[in-house]
Amino acid sequence: MIQLVSFYIFASIVIASAAMVIFARNPVHSVLWLIVAFFNAAGLMVLIGAEFIAMLLVIVYVGAVAVLFLFVVMMLDIDFAELRAGFVKNVPLGLLLAIVLVAELVLGIGAYQAGAVKLGTPEVGVATVSATVPNIEAIGALLYSKYVFLFETAGLILLVAMVGAIVLTHRRSHGTRGQNISSQVQRRPQDATRNVNQPVGQGIEL
Amino acid sequence: MTSFFQNLGMSYEAAWFTATIAGILLIALPLMLAVAMIIYAERKLWAAFALRRGPNVVGPFGVLQSFADGLKVFLQETIIPSASNRGLFLIAPIITFTVALMAWAVIPFADGVVLSNINVGLLYILAISSLGVYGVVIAGWASNSKYPFYSAMRAAAQMISYEVSIGFILICVVLWAGTFNIGGIVEGQRSHVFGFINAYAFNPLLFPIAVMFLISSMAETARAPFDLTEAESELVAGYQTEYSSMAFALFWLGEYANVLLMCALNAILFWGGYLPPVDWAPLYAVPGILWFFAKILLMFFIFAWVKATVPRYRYDQLMRLGWKVFLPISLFWVFLVSGYLMFTGHFA
């Protein structure tokens with residue numbers, strides 16, 4: 001009962017907020033609706049017992065990716081009139097895309113109705129949901145034994161992507177002066193100040 | 001608690017629902033009271049550090065000061081700037097406040113006394129605390145004003161930077177405890193050091209990251225010396241500049257609930273949570289919840305102490321500390337701790 005009610009609550013909020021992502025006029029509102037969608041999708045994950053994936057979804061997408069989205073979108077100076085001006089020009093392309101998507105949907109649903117595709121039998125012990133073994137242990141045991149090379153490759157690709165992004169954006173700028181932290185840390189009060197016991201009526205020599 | 005309501009003749013689901021609601025109220029209401037008292041305690045502490053008296057007018061020794069402030073704020077007019085984004089402007093403090101309360105669901109107050117004993121408790125806390133940044137960012141953007149916007153930028157960058165190293169620090173603890181369940185982490189500390197001290201912090205390999213976690217948690221809650229988001233000499237009051245009345249009070253309550261949560265996390269992860277300091281039978285006569293509160297208050301004293309004595313960091317120093325000091329050290333420490341545990345056959 002509670003599961004069913006929460007499923008419908010989560011699912012309807014996901015769909016509604018996904019629709020709002022598109023319909024919201026303000027891009028910042030769109031990003032915020034996207035966050036609502038992510039969050040409720042995490043709720044759906046919890047319902048099917050994948051609590052680890054749910055937490056990862058929130059930490060990675062809501063906690064990091066969407067913050068960056070919001071960061072960028074907030075900085076933009078968006079001219080709404082100009083956005084709408086391009087509407088007529090882009091209608092044919094948009095319609096084409098919509099037709100392709102609808103065709104794919106119809107095809108997919110039709111194929112599903114005709115019967116599931118046999119993609120080979122799953123091996124025993126792969127990705128079974130167990131009530132006693134926590135998600136993390138089950139995923140870890142699989143990831144670090146059977147799929148260890150694929151996992152490491154994925155990590156390597158991410159590393160290369162990270163290095164690539166830094167190489168592309170990092171520019172050594174000339175003529176700017178940065179902070180020299182070690183010289184700041186090493187500075188002592190006696191380097192900058194001095195105490196004098198000056199007689200009254202005489203100026204201080206600087 | 002579910003079985004208690006079941007004995008009253010409810011079905012399991014109705015009993016579970018009632019028990020959960022009752023549990024939420026049992027945590028949230030005392031927490032609000034605790035926040036009010038902790039603000040008073042902190043003001044008294046700062047006053048003592050600065051050789052002042054602190055609040056001493058409302059009630060005996062001024063203990064009712066926070067309630068008087070609350071009443072005053074409650075009676076004020078809510079001013080919404082005409083150029084602001086009205087809906088988001090009002091949602092932002094609600095997000096901050098709600099998120100600060102949500103994380104308490106997985107905190108064990110004593111052995112088995114926890115609202116939701118989930119396997120991924122620590123990840124849940126990480127997930128919820130990563131939501132906290134939205135309250136600040138939305139507030140800064142929706143105010144449509146320069147200083148709040150600067151503050152929102154700072155807050156977003158600061159919270160993301162420190163969450164990375166907090167993640168690595170948590171991994172060290174999780175490796176040693178072997179579980180993400182918070183109750184399991186507390187139990188893992190039972191007679192951990194020399195066979196009788198109940199705390200990870202006295203483990204020489206974990207002590208440095210305990211210190212790093214304390215500093216990171218100050219940065220994560222944007223407390224002094226890392227309160228760049230509301231540095232009044234630069235940004236007026238940061239993201240709270242345009243807020244008044246209850247909206248402001250919600251930010252205030254949320255901030256202190258977050259501080260208490262971080263104190264509780266410090267106590268749980270490194271100082272043994274609800275366990276007494278040493279594994280000695282007579283000490284278990286004191287209820288675990290009292291040990292837990294004592295540890296939280298001790299951590300809070302350290303927070304107040306730091307706030308009263310340490311000058312504010314510059315923004316570039318803050319970023320340097322997060323990315324160039326804490327991140328490499330915590331990453332190295334994950335390597336070190338996992339290597340040690342592997343070498344000594346901890347996982348066997």
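Labels below follow one simple rule: chain letters A, B, ... track the order of the sequence lines, proteins then strands, and each chain is numbered from 1.
Using a 4.5 Å cut-off between heavy atoms, V28(A) touches chain B through its side chain atoms alone. Within the 4.5 angstrom heavy-atom criterion, atoms from both the backbone and the side chain of V137(B) approach chain A. For M159(B), no part sits under 4.5 Å from any heavy atom of chain A, backbone or side chain. When heavy atoms are compared at a cutoff of 4.5 Å, I35(A) approaches chain B solely by way of its side chain, counted from C-beta outward. Interface residue A66(A): backbone and side-chain heavy atoms are both found under 4.5 Å from chain B.
Using cut-offs of 30° and 60° for the angle between ring planes, the F52(A) and F180(B) rings count as tilted.
Side chain of Y134(B) to main chain of L32(A): no donor-acceptor pair is present (N/O by atom type, distance under 3.5 Å, no hydrogens or angles).
In plain terms, the two heavy atoms of A156(B) and F71(A) that are nearest each other are CB-CE1, 3.2 Å. The minimum heavy-atom distance linking S130(B) with I59(A) is given by the pair OG-CA, 4.4 Å.
The local environment of OH in Y61(A) is sparse, with at most 12 non-hydrogen atoms from other residues, nucleotides or ligands closer than 6.0 Å. Counting heavy atoms of neighbouring residues, nucleotides and ligands inside a 6.0 Å radius, atom CG of N195(A) does not exceed 12 of them. Other residues, nucleotides and ligands contribute more than 12 heavy atoms inside 6.0 Å of the OH atom of Y315(B). Counting heavy atoms of neighbouring residues, nucleotides and ligands inside a 6.0 Å radius, atom CZ of R86(B) does not exceed 12 of them. Counting heavy-atom neighbours within 6.0 Å of W33(A) CH2, excluding the residue itself, gives a total of 12 or less. The environment of F89(B) atom CZ is dense: over 12 non-hydrogen atoms of other residues, nucleotides or ligands sit within 6.0 angstrom.
Once rounded to the nearest 0.5 Å, the distance linking CD1 of I136(A) with CG of N119(B) reads 7.0 Å. The distance from atom NE2 of H29(A) to atom CG of L88(B), rounded to the nearest 0.5 Å, is 4.0 Å. I125(B) CD1 to M55(A) CE: the interatomic distance, rounded to the nearest 0.5 Å, is 10.5 Å. Once rounded to the nearest 0.5 Å, the distance linking CZ of R314(B) with CD of Q184(A) reads 4.5 Å.
Within the 4.5 Å cutoff, the side chain of F149(B) has heavy atoms near those of the M74(A) side chain.
Taking I160(B), L131(B), L126(B), I128(B) one by one and counting their heavy-atom pairs under 4.5 Å with chain A, the maximum is reached by L131(B).
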